[in-house]
2 protein chains.
Amino acid sequence: MPHDRKNKISCNNYECEIEVTLEVLSGKWKSLILWHLCQHKVIRFNEFRRLIPKITQKMLTQQLRNLEENELVNRTVYDETPPVVEYSLTNLGKQLVPILEKMDEWGKKYVNSHIPH
Amino acid sequence: MPHDRKNKISCNNYECEIEVTLEVLSGKWKSLILWHLCQHKVIRFNEFRRLIPKITQKMLTQQLRNLEENELVNRTVYDETPPVVEYSLTNLGKQLVPILEKMDEWGKKYVNSHIPH
DNA sequence: CTGTATCCTTGGTGATACTG
DNA sequence: CAGTATCACCAAGGATACAG
């Protein structure tokens with residue numbers, strides 16, 4: 001597949017289909033980025049930095065680019081000064097939302113059941 | 001929390017609950033291990049190695065121990081020679097199954113829609 | 001405001017050998 | 001069969017400075 005861009009997932013050589021999902025969500029920040037996008041619909045670059053204070057600029061750019069390559073997020077550039085760039089979920093990305101919702105559910109349950117009485 | 005064992009998740013300092021879930025599932029193999037456990041109910045050490053051929057012995061042990069620490073899997077040792085050790089999902093681990101199922105669903109869809117016509 | 005470009009660190013992972 | 005114990009690597013991630 002010579003025309004594949006770097007980091008784009010291949011869909012081949014998987015034992016289970018779940019591995020495809022794990023690959024597109026791999027990395028420290030992607031699921032969190034998608035989760036915020038699912039809740040806010042449209043987010044700008046610096047809004048992400050406020051929503052995810054611990055992420056560095058480099059990682060944010062990198063993960064967003066990768067999500068874009070895998071067609072999970074849209075990147076819309078408005079040609080203004082100062083520049084405006086908005087990110088949102090693609091249809092493919094929206095189909096990941098059930099996963100994220102279940103993750104949120106489990107996390108809430110876990111936290112509640114492990115809070116000191 | 002001085003009595004916490006290493007690697008055990010803390011439940012603190014999270015912006016979103018989803019981060020808790022991401023943390024217990026972090027690592028290259030955990031979700032895959034849980035997915036196999038969800039399908040086979042009980043799996044022995046070397047069965048895992050056959051199910052996940054690419055995993056090394058070290059990583060398998062390490063990830064299983066971490067899943068055990070976080071109370072997602074049970075480790076049952078039968079005192080025989082040669083030794084028999086069986087792994088299975090705890091109740092807490094079973095509650096992760098919906099996440100894994102949604103991941104499997106998405107992966108199947110993605111693969112199908114990206115297969116060359 | 002939304003990024004690039006470098007350099008550097010680290011821990012997650014892999015390879016290999018050994019053991020009760 | 002079901003693990004431990006080392007050694008080593010390197011890519012993911014982080015810090016910082018710069019730019020259109």
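In what follows, every chain begins at residue 1, and chains take the letters A, B, ... in the order their sequences are listed. Small disclaimer: the values here were computed from a predicted structure and weren't measured.
As a whole-Å value, the separation of F48(B) CZ from dG3(D) C1' is 14 Å. Regarding E23(A), its CD atom lies at a distance of 11 Å from the P atom of dA12(D), rounded to whole Å. Atom C1' of nucleotide dG12(C) and atom CG of L60(B) are separated by 16 Å, given to the nearest angstrom. Atom CG of L51(B) is separated from atom P of dA2(D) by 13 Å (rounded to the nearest Å). M59(B) places its CE atom 14 Å from the P atom of dT4(D), with the value rounded to the nearest Å. For the pair Q63(B) CD and dA2(D) P, the interatomic distance rounds to 18 Å; values are reported in whole Å. Remark: C1' of dG13(D) and CH2 of W29(A) are 9 Å apart, rounded to the nearest angstrom. Going from atom CD of Q62(B) over to atom P of dT6(D) covers 15 Å, rounded to whole Å.
Regarding contacts with the backbone of dG14(D), a side-chain N or O of K28(A) is found under 4.0 angstrom from either OP1 or OP2.
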Quick one: which protein N/O atoms are closer than 3.5 Å to N/O atoms of nucleotides 1-4 of chain C? Pair and distance per line, please.
residue, atom, partner, partner atom, Å
dC1(C), O3', R44(A), NH2, 3.0
dC1(C), O3', P83(A), O, 3.4
dT2(C), OP1, R44(A), NE, 2.9
dT2(C), OP1, R44(A), NH2, 3.2
dT2(C), OP2, N46(A), N, 3.0
dG3(C), OP1, R65(A), NH2, 3.1
dG3(C), OP1, R75(A), NE, 3.3
dG3(C), OP1, R75(A), NH2, 2.2
dG3(C), OP2, Y87(A), OH, 2.7
dG3(C), N7, Q57(A), NE2, 2.6
dG3(C), O6, Q57(A), OE1, 3.2
dT4(C), OP1, R65(A), NH2, 3.2

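Nearest heavy atom pair, residue S88(B) against residue V42(B), reads CB-CG2, 4.3 Å.
Here the options are K58(B), E68(B), K30(B), the test is side-chain contact (heavy atoms from CB on, under 4.5 Å), and the partner is Q63(B); only K30(B) passes.
Of the charged side-chain nitrogens involved, none lies within less than 4.0 Å of a carboxylate oxygen, so that R44(A) and E86(A) do not count as a salt-bridged pair.
Expressed to the nearest 0.5 Å, how far CD1 of I33(B) lies from CG of L51(B) amounts to 10.5 Å.
Shown here are the salt bridge (Lys or Arg N to Asp or Glu O under 4.0 Å) partners of K41(A), two or more places apart in sequence or in another chain: there are none.
The aromatic rings of H40(A) and H36(A) are tilted relative to each other, their planes meeting at an angle between 30° and 60°.
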